Colleague: 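Have a look at the structure that comes next, please.
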Amino acid sequence: PAAAGTAPPARAAATGARVAVRHTALGNILVNGRGFTLYMFTRDGRARDRCVQISGCRGVWPLYITHGRPIAGRGVRSGLLGTIRVGRAMQVTYAGHPLYTYVADSAPGQTAYVGVSMFGGRWFGLRASGAMVR
C-alpha cells in the first residue's frame with residue numbers, strides 16, 4: 001500500500017502486438033513485430049478460433065496475442081486489425097482471421113510452412129489486403 005499522501009505506483013501501459021508487412025519468397029506477407037510469419041487456419045470461422053479446441057494445436061500454432069490494441073506497421077491496414085478473446089488471452093485478428101505463429105519457424109520471413117496441412121486444416125499466410133497466401 002502507498003504511504004499516506006503518496007500516489008500508488010504507476011502501472012506499466014499495456015502494449016499492443018505489432019503486425020507488419022515483410023517481403024518474403026512468397027511476396028509481401030503479414031509478420032509479427034520480430035518479422036516472423038503470421039498464419040491463419042482454414043478451420044477457423046470469422047473471428048472464431050477453432051485451433052484452441054483441438055488437442056495439441058495451440059502448442060504447435062501459438063495464438064498471436066496482444067496486451068493492448070494491436071499496432072499496424074507500415075503497409076498494414078489498421079481497419080482490418082482486431083482482437084478476439086480466447087480464454088484469458090486476446091488474440092489478434094486480421095480481416096476476421098485469428099492469427100498464429102508457428103513453433104518451428106526459426107528465422108524472420110520464413111515461409112516453408114505456409115500451406116502445410118495439420119490439425120484437420122491448412123495454414124496460410126496473409127497479404128495486407130487480407131487475402132490468403134498459398
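Computed from a predicted structure; not experimentally measured.
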Colleague: When rounded to the nearest 0.5 angstrom, what is the spacing between CG in Leu126 and OG1 in Thr93?
Modeller: 10.5 Å
Colleague: Quick one: does any side-chain atom of Tyr94 pair with a main-chain N or O of Ala128 as donor and acceptor, under 3.5 Å?
Modeller: yes
Colleague: Which residue is it: Phe36, Tyr113, Tyr64, Phe124? I am looking for the one with a ring pair (Phe, Tyr, Trp, His ring centres under 6.0 Å) to Tyr102.
Modeller: Tyr113
Colleague: If you count every heavy atom of other residues, nucleotides or ligands that lies below 6.0 Å from Arg50 atom CZ, does the total exceed 12?
Modeller: yes
Colleague: Are the side chain of Gln91 and the backbone of Leu99 linked by a donor-acceptor contact shorter than 3.5 Å?
Modeller: yes
Colleague: Determine yes or no for a side-chain-to-main-chain donor-acceptor pair under 3.5 angstrom, with Trp123 supplying the side chain and Met118 the backbone.
Modeller: yes
Colleague: What's the separation between atom CG in Leu81 and atom CD1 in Ile71, rounded to the nearest 0.5 Å?
Modeller: 9.5 Å
Colleague: Is a donor on one side and an acceptor on the other found under 3.5 Å between the side chain of Arg18 and the backbone of Val31?
Modeller: no
Colleague: Between Phe41 and Trp61, is the gap from one ring center to the other below 6.0 Å?
Modeller: no
Colleague: With a 4.5 Å limit on heavy-atom distance, are the side chains of Asp44 and His97 in contact?
Modeller: no
Colleague: Taking all heavy atoms of Asn28 and all of Arg127, pick out the closest pair and write down the distance.
Modeller: O-NH1, 3.1 Å
Colleague: Got a donor-acceptor contact below 3.5 angstrom from the Thr42 side chain to the Arg122 backbone?
Modeller: yes
Colleague: Is the backbone of Val21 close enough, under 3.5 Å, to the side chain of Arg74 for a donor and an acceptor to pair up by distance?
Modeller: no
Colleague: Measure from the side-chain N and O atoms of Thr37 to the backbone N and O of Gln110, and report whether any donor-acceptor pair falls under 3.5 Å.
Modeller: yes
Colleague: Locate the shortest heavy-atom distance separating Ser129 from Leu80; write the atom from each residue and the value.
Modeller: O-CD1, 3.8 Å
Colleague: Where do Val114 and Arg134 come nearest, in terms of heavy atoms and distance?
Modeller: CG1-C, 4.0 Å
